Number of protein chains: 2
Amino acid sequence: MKSEKISDAVVRRMPVYLRYLNELHNRDVMTVSSQELGQNLDLNPAQIRKDLAYFGDFGRKGIGYDVAYLIEKIRQILNLDQEISVALVGAGNLGQALSNYNMYLKDNMKIVAVFDIAEAKIGTQINYLSVQPIAELPETVKKLGIRIGIITVPHWEAQRVADQLVEAGIQAILNFAPVILKVPPGVRVHAADFTTDLLSLAYYLDQGKEHSNES
Amino acid sequence: MKSEKISDAVVRRMPVYLRYLNELHNRDVMTVSSQELGQNLDLNPAQIRKDLAYFGDFGRKGIGYDVAYLIEKIRQILNLDQEISVALVGAGNLGQALSNYNMYLKDNMKIVAVFDIAEAKIGTQINYLSVQPIAELPETVKKLGIRIGIITVPHWEAQRVADQLVEAGIQAILNFAPVILKVPPGVRVHAADFTTDLLSLAYYLDQGKEHSNES
DNA sequence: TAGATTGTTAATCGATTAACAATC
DNA sequence: TAGATTGTTAATCGATTAACAATC
């Protein structure tokens, strides 16, 4: 166990480990080596050992890592040993899709409220939650102890929504809108903007053969 | 202009630049400096200049970058000066949401076909496209010159779908399923898995004050 | 001209990987 | 014991940032 500051790259790999470990657990696998983890996650085994060692001595030399134990530890690291309440702002198609994903994320993270700006959306049901007007955000955040906000509104509304989330006391934001949000220090924003990923894919296409009918 | 290999980090910033430049263009801004770009995109100006310089001398000393010209250049870099056809596999909620996004991505990238495995989905309309059975993938890919695939199927089907996309000759995949896909070299995969982003956010939450009613 | 800003080299910083003693 | 595998240090690699001459 060290007490250096842990880099974002390391933190972001933790959920990846967790996911695969859960899979192993479901298959009743008891133990796993960094070697095997690396193979399946396309990562260097040394990196995996180093990542985990930042947080503690979780492995056993000659043996590997106990799957159930490591799951427990990573959940603690990620604060997922407590239930974390999430607010979704934007009840459009994407918001709808995410809230259905809820059941997947049995990882102690739960969308407990949905908000929208549009009058028409208010009161409609999304996955057993009634869409609330954004004016109710501060009160609901306080009442339900919401700590994370997900933004799925159109890009021109994203910054305003972010401001309101911050104002309401949210600590972290997952932003699906294709804009760079400005937030005060202490609030964490992760960009989940897939247009960036998609457009950058085009760079890697073979030049030339745009549309060939041969084979 | 250099001819080093260009890192993924650099490529991924290109769409970010493009997006902001488009915004400037809409506001009739003619010229922009790396300084100002950096301010608005939360990036170091030197980094921006270096990124752009990999691809050519696009700026003018003392002046900055011509917005329209830089847009044109970045589009060329990203192969967006030609129309790029995209297939969407998975007509669920998320797929639905993405295909509605189509109009946003006027960046010459277009979803031209939607596939699904489930019988029930076949033939339903998604954003003016009729959902096709996955068996038609190879033929449609060839016929429409599709080069990129988006995977929005459940995670246990993702690898099989990826195999089929690769088999059909697709060159790049945007994967929304929370699994690491195995693909042959030459096929590019970008992960758009938001569960990773969301879970890692939890790490940054203030410890302790899980649910406070004071304020 | 003076001020601004690029493109690029050099310096710094950080992250990944290799190597290996410790030990199960 | 012999083989496997960790945790960790050192080496490498790569990416970011600073600095500045060139020049609009």
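Every value quoted in this text rests on a predicted model; they were computed, and no experiment measured them. The sequence lines fix the lettering, A, B, ..., with proteins before strands; numbering per chain opens at 1.
Side-chain N/O atoms of A:Asp51 and A:Gln47 include no donor and acceptor closer than 3.5 Å. Between the side chains of B:Arg27 and B:His25, no donor N or O sits under 3.5 Å from an acceptor N or O. Between the side chains of A:Asn79 and B:Tyr203, no donor-acceptor pair is found at a separation under 3.5 Å.
In this structure, A:Leu52 places its CG atom 14 Å from P of C:dT16, rounding to the nearest Å. B:Lys61 places its NZ atom 5 Å from the C1' atom of C:dT6, with the value rounded to the nearest Å. Regarding A:Gln35, its CD atom lies at a distance of 14 Å from the P atom of C:dT17, rounded to whole Å. The interatomic distance linking A:Asp66 (CG) with D:dT6 (C1') rounds to 14 Å, in whole Å. Regarding A:Asp51, its CG atom lies at a distance of 13 Å from the P atom of D:dT8, rounded to whole Å. Look at CD1 on B:Ile63: it is 8 Å from C1' on C:dA4, rounded to the nearest Å. Rounding to whole angstrom units, OH of residue A:Tyr17 and P of D:dT6 are separated by 12 Å.
Residues A:Phe176 and B:Phe194 place their aromatic rings such that the two centres sit under 6.0 Å apart.
Nucleotides of DNA chain C nearest to A:Arg13 and A:Gly62 differ in position, and the one nearer the 5' end is that of A:Arg13.
Remark: C:dT17 base-pairs with D:dA10; criterion is Watson-Crick or G-U wobble with both hydrogen-bond distances under 3.5 Å. As the counterpart of C:dT23, D:dA4 is assigned, both hydrogen-bonding distances of the Watson-Crick or G-U wobble pattern falling under 3.5 Å.
Contact annotation: A:Ser34 does not reach the phosphate of D:dT5 (side-chain N/O to OP1 or OP2, under 4.0 Å). Regarding contacts with the backbone of C:dG7, a side-chain N or O of B:Tyr65 is found under 4.0 angstrom from either OP1 or OP2.
Closest to the B:Ser7 side chain, of the nucleotides D:dA15, C:dT8, D:dT5, is D:dA15. Comparing D:dG7, C:dT16, D:dA15 by their closest approach to the side chain of A:Lys50 singles out C:dT16.
Among the atoms of the strands shown, base atoms are found under 4.0 Å from some heavy atom of B:Arg49.
Remark: the backbone N or O of B:Lys182 is paired with a side-chain donor or acceptor of B:Gln159 at under 3.5 angstrom.
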